[in-house]
Amino acid sequence: MDRDPSATPRALATEAVHAGREDLATLGLHAPPIDLSTTYPSYDARAEAARIDEFATTGARLDGPPVYARLDNPTVARFEEALARLEGAEAAVAFASGMAAFTAVLLARASQGLRHVVAVRPLYGCSDHLLEAGLLGTEVTWTDPAGIADAIRPDTGLVMVESPANPTLAEADIRALAHSCGSVPLLVDNTFATPVLQRPVEQGARIVLHSATKYLGGHGDVMGGVVACDEEFARTLRQVRFATGGVLHPLAGYLLLRGLSTLPVRVRAASSSAAELVRRLATDPRIARVHYPRIGGAMIAFEVYGDPHDVIAGVRLITPAVSLGSVDTLIQHPASISHRIVAEGDRRSAGVSDRLLRMSVGLEDVEDLWRDLTQALSAPPAGPLREAGAGSLTAGSGAVPRPVAR
């Protein structure tokens, strides 16, 4: 299945279609097969024992058929191969959800006695909670990007950042952060950007996390998570996955591989509509501030002068629901849902205000989206003081007119 490394490099759009599928024609197939087996017969128990011992020692993928689905699955392996190629990483390991993937990373580092994590807010609310609550026996130090080097300790196993961040869309200088980390691995949650907009490994990150449920799947019908990294760390992650059981179902692996094939087209089309909606929202008198990353993308965040709950209740075409990255447009109120689990003070200090709405722009016509959104927005206030004329635009970390407090 692996492509010849000496072959001419291919464009990302081409890789998205063909990665993980190179052997299909020689197998006489066009669509990837779905292997639903939970166990695999073998009449040579001694050979199976040797293979299991090899996995227990190294975490490397087994030669030949899997022994048991918790060890490996051929359909899931195709998705892992494809995602690793798109991210420019040596390997990828898939899990049942994004949180299962993040949990595996923390457990893998803790198994080496490295239980301390340095993290930059905001993060996805459940990622924040998992670190803050110490549910896995980890300890977290929250800092801004400038404080990373000073926050690192001898037992620091990981530095984590999400860029663009959920839900404020604040961006980090990944290359500068990787330099500040020194020998400590930098983990970048790349769920919002996807490898279409940025490839953190190329900027010095050593671990890339995705909630594959979002853009990688792209249709709101599959849940999964994946970590792209070097092969050495992937071997530890496979051992954690085997021990904890957070495996990705093969049908989910099939759907995620299929989702990758249209990922560049979907992200670019939705990003075009998002940029146009941002342009209109930035001059709308009902909008206090718009957040949109410099790298673009299909995610928008904006703060309203009126009641954000009225906007949620007022949409008809746009779907009021948690999650993101689907072909249809979704809107939600982070302070009520995705970041409700984060303490109010921490939420606000990270820029997640009570008037902030997050929208994942889909593939509908932009005029239909704007018509639905504008009718749902509350009427402009009678005469409050305005910060800067109409709505103001904050573009990631390239502040216009100034960056949002993290």
Side-chain angles (χ1 to χ4, degrees), residues 97-99 101-102 105 117 119-132 140 142 144-145 159-172 174 177 187-198 200 205 207-218 220 223 225-227 267 270-271 274 278 289-303 308 321-326 329-344 346-362 394-397 403-406:
S97 69
M99 289 307 300
F102 183 37
V105 172
V117 178
V120 177
R121 279 184 171 129
L123 298 175
Y124 167 52
C126 287
S127 298
D128 187 306
H129 176 68
L130 186 59
L131 292 174
E132 181 70 13
V140 63
W142 299 101
D144 57 35
V159 175
M160 182 175 185
V161 66
E162 185 173 6
S163 182
N166 185 356
T168 66
L169 303 178
E171 293 173 282
I174 295 172
L177 263 59
L187 181 154
V188 175
D189 187 329
N190 204 33
T191 299
F192 277 20
T194 81
V196 176
L197 300 179
Q198 74 180 9
I207 305 170
V208 180
L209 174 69
H210 284 274
S211 171
T213 307
K214 312 306 192 294
Y215 287 105
L216 303 189
M223 184 169 287
V226 63
V227 179
V267 169
S271 298
V278 164
R289 177 168 293 181
V290 182
H291 308 256
Y292 191 63
R294 288 183 299 181
I295 63 170
M299 297 300 300
I300 300 172
F302 56 94
E303 297 168 48
V322 71
S323 199
L324 57 109
S326 185
T329 299
L330 308 177
I331 192 169
Q332 66 114 339
H333 183 237
S336 295
I337 305 180
S338 65
H339 288 70
R340 188 67 178 178
I341 201 168
V342 180
E344 183 177 359
D346 293 335
R347 204 166 59 221
R348 291 183 175 177
S349 66
V352 186
S353 78
D354 289 343
R355 293 186 181 274
L356 182 74
L357 292 167
R358 191 195 74 188
M359 189 161 71
S360 168
V361 180
T394 297
S397 56
V404 176
R406 295 184 62 83

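In this chain, residues are counted from 1 in sequence order. These numbers come from the heavy atoms of this one structure, side chains and all, not from hydrogens, waters or symmetry mates. Remember, predicted model here, so these are calculated numbers, not experimental data.
When all heavy atoms of Ala193 and Gln198 are compared, the closest pair comes out as CB-CG, 3.6 Å. In terms of heavy-atom proximity, Ser163 sits nearest to Ala172 at OG-N, 2.9 Å. Taking all atoms of both residues into account, the shortest heavy-atom contact from Pro334 to Leu357 is CD-CA, 4.1 Å. A pairwise comparison of heavy atoms in Ala270 and Val361 identifies CB-O, 3.4 Å as the closest pair.
The backbone N or O of Ser353 lies less than 3.5 Å from no partner atom in the side chain of Arg348, so there is not a single donor-acceptor pair. Without hydrogens or angle criteria, Ser360 side chain to Gly325 main chain gives a donor-acceptor distance under 3.5 Å. Although no hydrogens or angles enter the test, the distance criterion places no donor-acceptor pair under 3.5 Å between the side chain of Ser211 and the main chain of Gly98. Counting only distance, with no hydrogens or angles, the side chain of Tyr215 and the backbone of Leu324 share no donor-acceptor pair below 3.5 Å. Remark: side-chain polar atoms of His129 are not paired, donor with acceptor, to backbone N or O of Ala343 under 3.5 angstrom. A donor-acceptor contact shorter than 3.5 Å links the side chain of Glu171 to the backbone of Arg294. The closest donor-acceptor contact from the side chain of His291 to the backbone of Arg358 lies at 3.5 Å or more, if one exists at all.
Ala205 is linked by a side-chain contact (heavy atoms from CB on, under 4.5 Å) to Ile174, Leu186, Val188, Pro200, counting only residues two or more places apart in sequence or in another chain. Every side chain to side chain donor-acceptor pair (under 3.5 Å) that Thr329 has, sequence neighbours left out, goes to Glu364. Residues that satisfy the salt bridge (Lys or Arg N to Asp or Glu O under 4.0 Å) test with Asp189, not counting sequence neighbours, are absent from this structure. Residues passing the ring pair (Phe, Tyr, Trp, His ring centres under 6.0 Å) test with His333 are His309, sequence neighbours excluded. In this structure Met223 satisfies the side-chain contact (heavy atoms from CB on, under 4.5 Å) test together with Ser97, Thr213, sequence neighbours excluded. Residues passing the side chain to side chain donor-acceptor pair (under 3.5 Å) test with Ser271: none are found, sequence neighbours excluded.
Between the side chains of Ser127 and Glu162, not a single donor N or O lies within less than 3.5 Å of an accepting N or O.
In this structure, CZ in Arg289 is found 6.0 Å from CD in Glu303, a value given to the nearest 0.5 Å. The distance from atom CE of Met359 to atom CD1 of Ile331, rounded to the nearest 0.5 Å, is 5.5 Å.
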